[in-house]
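What follows is a single structure, written as structure tokens, with notes after it.
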Amino acid sequence: MIEHHHWHPVALAEEVGAAPLAARLLDQPLVLWRDAAGLPHAFPDRCPHRGARLSLGRVQDGRLECPYHGWQFEGGGHCVHVPALPQFQPPAGHRVECFGVREAHGLVWVRLAPGDAALPAFAAEDDARLRKLNCGPYDVAASAPRIVENFLDMSHFGFVHEGWLGARDAAAIDDYRVEPTPTGLLATGCKAWQPQSNLHSTTAAQVEYTYEVTGPYAAVLTKLPEPGTTAVEGWRESIALYICPLTQESSRVWFRLAVADFDSPDSKLRDFQHTIFTQDQPVLESQEPRRLPLDLRAELHTAADKASSAYRRYLRGCGVTFGVC
Ligand code: FES
């Protein structure tokens, strides 16, 4: 599957510590752990000896130790110690598969098969004028593509986020532009009238966004400064959506916030994002089918939906099969 060749987030970096951590990606159970140098590793969560879950074990002397017979595996996956035969030198074939692992954006990322795809881009990450923090995880009973599409969709603001990001009597969407990119799409000129466009706003404002799909299950929105303010004076933020496709119809979601607010406590920034996403979640979980239909004839569309239509064309074009139907 093409999805195996892309990087996907699987856990907050801070969660992968001294003890093995169970995770799941694309129906593959994983064990995540760190070696003595602090490097993260990802193996299938199954011992090749008798099939026990490695995530029930422990990390000992920088090696992952199976909970059943204590075999120890080094970061490259080779078994280097069999306690029942202390003099035994395990051959090269005594090993567990290793998946590609990276650490970025406060998350651990895993790739199940080699490939050329880069980590999803997030330009705000290197902007020192913006503070970064993560929200989540949220476990959602919806496919990853349904969640991306919701993120790209402005026409639900007046209904799902009434009084926050929109109002039902001001739900009209001006025309906006969508163009394909090598990693998905770019939508610009996306404007919405919002009663409270961010946690500090006290008056309604017309807000302009750009949306970018940065991988099959990743996207970024950037809120442009309001007219009359500069990028530094005005409220400015980018939010990256990162989704781990757990199964075809369930996902784990994080948001990476990059905001020009260095004063508010983390909890205040997270609370606003939490409020917005937990308004989305029950609607997302109600959608049928849970997988995103790539046949454009399967659901109805208008010009207001052209970002989501372009996303479906992108998924079809790059051959994504997980989470779609
Ligand atoms: Fe893992 Fe035996 S099942 S060491």
Side-chain angles (χ1 to χ4, degrees), residues 1-3 6 8-10 24-27 120 135-168 171-173 176 178 184-185 187 190 192 194 209 211-221 239-255 272-325:
M1 287 197 295
I2 190 71
E3 302 81 11
H6 284 266
H8 304 280
V10 292
R24 177 176 287 268
L25 171 62
L26 296 166
D27 272 334
C135 303
Y138 296 94
D139 285 335
V140 186
S143 66
R146 283 284 195 196
I147 300 167
V148 172
E149 198 172 86
N150 171 70
F151 188 77
L152 302 175
D153 180 288
M154 299 184 85
S155 59
H156 74 284
F157 286 176
F159 303 91
V160 177
H161 308 296
E162 187 172 20
W164 291 80
L165 301 183
R168 64 183 56 226
I173 301 285
Y176 58 96
V178 181
L185 64 89
C190 310
Q194 296 193 329
Y209 294 92
Y211 290 97
E212 190 172 5
V213 170
T214 53
Y217 312 123
V220 174
L221 77 77
I239 302 175
L241 167 72
Y242 295 133
I243 307 173
C244 176
L246 300 171
T247 70
Q248 297 269 12
E249 299 186 352
S250 66
S251 307
R252 184 162 291 174
V253 175
W254 294 269
F255 296 94
F272 185 81
Q273 190 63 30
H274 179 81
T275 297
I276 300 301
F277 189 66
T278 52
Q279 291 168 345
D280 284 315
Q281 187 164 354
V283 179
L284 276 167
E285 293 182 339
S286 78
Q287 287 180 279
E288 289 289 342
R290 285 191 172 163
R291 300 185 201 187
L292 187 74
L294 293 192
D295 183 345
L296 292 182
R297 296 166 299 183
E299 294 182 338
L300 303 179
H301 313 274
T302 71
D305 306 312
K306 62 185 179 185
S308 69
S309 299
Y311 174 59
R312 294 181 190 204
R313 284 194 293 274
Y314 156 69
L315 291 178
R316 200 168 55 234
C318 65
V320 166
T321 58
F322 200 86
V324 301
C325 60

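Start at 1 with the first residue, then count along the sequence.
Under the rule for a side-chain hydrogen bond (donor to acceptor under 3.5 Å, both in side chains), the partners of Glu249 that lie at least two apart in sequence or sit in another chain are Arg291. Residues passing the side chain to side chain contact (heavy atoms under 4.5 Å, CB included) test with Arg252 are Pro137, Asp139, Cys244, Leu246, Trp254, sequence neighbours excluded. Partners of Glu285 under the side chain to side chain contact (heavy atoms under 4.5 Å, CB included) rule, at least two apart in sequence or in another chain, are Val140, Ala141, Gln281. Scored by the ring pair (Phe, Tyr, Trp, His ring centres under 6.0 Å) test, Phe322 finds no partners at all (sequence neighbours excluded). Every ring pair (Phe, Tyr, Trp, His ring centres under 6.0 Å) that His8 has, sequence neighbours left out, goes to Tyr217. For Tyr138, the ring pair (Phe, Tyr, Trp, His ring centres under 6.0 Å) test picks out His274, Phe277, with sequence neighbours left out. Residues forming a side-chain hydrogen bond (donor to acceptor under 3.5 Å, both in side chains) with Ser250 (at least two apart in sequence, or on another chain): Thr247. With sequence neighbours excluded, the residues that form a salt bridge (Lys or Arg N to Asp or Glu O under 4.0 Å) with Glu299 are Arg146, Arg312. Not counting sequence neighbours, Tyr311 has no partner by the ring pair (Phe, Tyr, Trp, His ring centres under 6.0 Å) test. Scanning for side-chain hydrogen bond (donor to acceptor under 3.5 Å, both in side chains) contacts around His301 gives an empty result, with sequence neighbours left out. For Ala304, the side chain to side chain contact (heavy atoms under 4.5 Å, CB included) test picks out Thr302, with sequence neighbours left out. Listed by chain and residue number, Leu294, Leu296, Arg313 satisfy the side chain to side chain contact (heavy atoms under 4.5 Å, CB included) test with Arg316 (two or more places apart in sequence, or in another chain).
Residues Cys190 and Tyr176 approach most closely at SG-CD1, 3.9 Å, considering heavy atoms. The two atoms that bring Ser251 and Ala142 nearest to each other are OG-O, 2.7 Å, heavy atoms only. Here the closest heavy-atom approach between residue Val178 and residue Ala310 is recorded as CG1-CB, 3.6 Å.
Below 30°, between 30° and 60°, or above 60°: for Phe272 and Trp164 the angle between ring planes is between 30° and 60°, a tilted geometry.
Remark: Ile276 CD1 to Leu165 CG distance equals 4.0 Å, nearest 0.5 Å. Within the model, atoms CG of Leu26 and CE of Met1 stand 5.5 Å from one another, a figure rounded to the nearest 0.5 Å. One distance of note links CG of Asp153 with OH of Tyr211; it measures 8.0 Å at 0.5 Å rounding. With rounding to the nearest 0.5 angstrom, the OG1 atom of Thr321 is 10.5 Å from the CG atom of Leu315. Between atom CG of residue Asp305 and atom CG of residue Leu152 there is a gap of 11.0 Å, rounded to the nearest 0.5 Å. To the nearest 0.5 Å, the span separating NE2 on His161 from CE on Met154 amounts to 11.0 Å.
In this structure the side chain of Ile243 never reaches within 4.5 angstrom of the side chain of Pro9, judged on heavy atoms. A heavy-atom distance below 4.5 Å is found between the side chains of Phe151 and Leu241.
Put simply, the side chain of Ser143 gets close to the backbone of Arg290: a donor and an acceptor are under 3.5 Å apart. Side-chain atoms of Ser309 do not come within 3.5 Å of backbone N or O of Lys306 as any donor-acceptor pair.
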